[in-house]
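In what follows, a structure is listed as structure tokens, so that the remarks can point back to it.
Not measured: the values here are computed from a predicted model.
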Amino acid sequence: MLHFLIIVGGVYIATLGFAILINVSPKYLNIGALVGVASYLIYLAYDTYVGGYIGGNVLGSFTIGILGMFVARWKKAPVIIFNIPALVPLVPGGQAYQVMKNIAMNKPKVAFAFLMQVLMIAGSLAMGFLLAELVIQLFNYFMRTLKQKRKAA
């Protein structure tokens, strides 16, 4: 349990720190960090119980996209100030470091394996955001259609 709390605290601090680094307004810092924690918890649950970092990253970035949009509407702020800091815990920085280290150590096969991981994670993050945008657009379309039908009736 302590290990889990340390992970959650670390993700919160990392997301909060990056938000401060890119000059997010102080009134949005905590809610943005909570979006990051929620997305990482989704990633962690998928990775633990289902297995695989690709699906976890898709669901994690999907969570960022959905929660970021709802929080942005709630706070009347741009969605990017919630999405970008929340993405930090899912970014494959460790694998990218391993690519560069293995290139420098003249181990191209190992570097290529890590490069493939980086590319798959980056693609899965993009896919999660794409799916979130699709769901949000469909939701908005159905809500507009429902309002128009109510007005017509």
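- If you take CG on L125 and CD1 on I121, they are separated by 7.5 Å, rounding to the nearest 0.5 Å.
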Trace of the side-chain contact (heavy atoms from CB on, under 4.5 Å) decision for M116 with L119: CA-CA 5 Å; M116 288 298 105; L119 293 175; 3.6 Å; yes
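- Between atom CG of residue L29 and atom CG of residue L34 there is a gap of 11.0 Å, rounded to the nearest 0.5 Å.
- For the atom pair Y40 OH and L44 CG, the distance stands at 5.5 Å (nearest 0.5 Å).
- There is a path of hydrophobic side-chain contacts, each under 4.5 Å, that joins Y43 to L16.
- In this structure, M127 places its CE atom where only 12 or fewer heavy-atom neighbours from other residues, nucleotides or ligands lie under 6.0 Å away.
- Under the 4.5 Å side-chain heavy-atom criterion for grouping Ile, Leu, Val, Met, Phe, Trp and Tyr, Y28 is connected to V71 within one hydrophobic cluster.
- Taking both residues in full, the closest heavy atoms of G56 and Y46 are given as N-CD2, 3.1 Å, listed atom of the first, atom of the second, then distance.
- V135 and L67 end up in different hydrophobic clusters when Ile, Leu, Val, Met, Phe, Trp and Tyr side chains are linked at under 4.5 Å.
- Between the side chain of S61 and the backbone N or O of V58 there is at least one donor-acceptor pair closer than 3.5 Å.
- Residues V8 and I42 do not share a hydrophobic cluster, defined by chaining ILVMFWY side chains whose heavy atoms lie under 4.5 Å apart.
- Side-chain atoms of F18 and L21, non-hydrogen and from C-beta on, do get closer than 4.5 Å to each other.
- Note that CD1 of I66 is 11.5 Å distant from CD1 of I64, once rounded to the nearest 0.5 Å.
- Using a distance-only test at 3.5 Å, with no hydrogens or angles considered, a donor-acceptor pair links the side chain of N57 to the main chain of Y53.
- Rounding to the nearest 0.5 angstrom, the gap separating the NZ atom in K147 from the CZ atom in F142 is 15.5 Å.
- Taking CG of L41 as the reference point, atom CD1 of I7 lies at 9.5 Å (rounded to 0.5 Å).
- Nearest approach of Y12 to A33, heavy atoms of both residues: CE1-CB, 3.3 Å.
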Would you tabulate the side-chain donor-acceptor contacts of residues 78-106 under 3.5 Å, counting partners in other chains and residues two or more places apart, or write 'none'?
| from | atom 1 | to | atom 2 | distance (Å) |
| --- | --- | --- | --- | --- |
| Q98 | OE1 | K101 | NZ | 3.4 |
| N102 | ND2 | Q98 | O | 2.8 |

side-chain contact (heavy atoms from CB on, under 4.5 Å) between L134 and L138, intermediate numbers included: CA-CA 6 Å; L134 175 68; L138 286 173; 4.2 Å; yes
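- Residues Y49 and F62 do not share a hydrophobic cluster, defined by chaining ILVMFWY side chains whose heavy atoms lie under 4.5 Å apart.
- The heavy-atom pair separating G60 from S39 by the smallest distance is O-CB, 3.4 Å.
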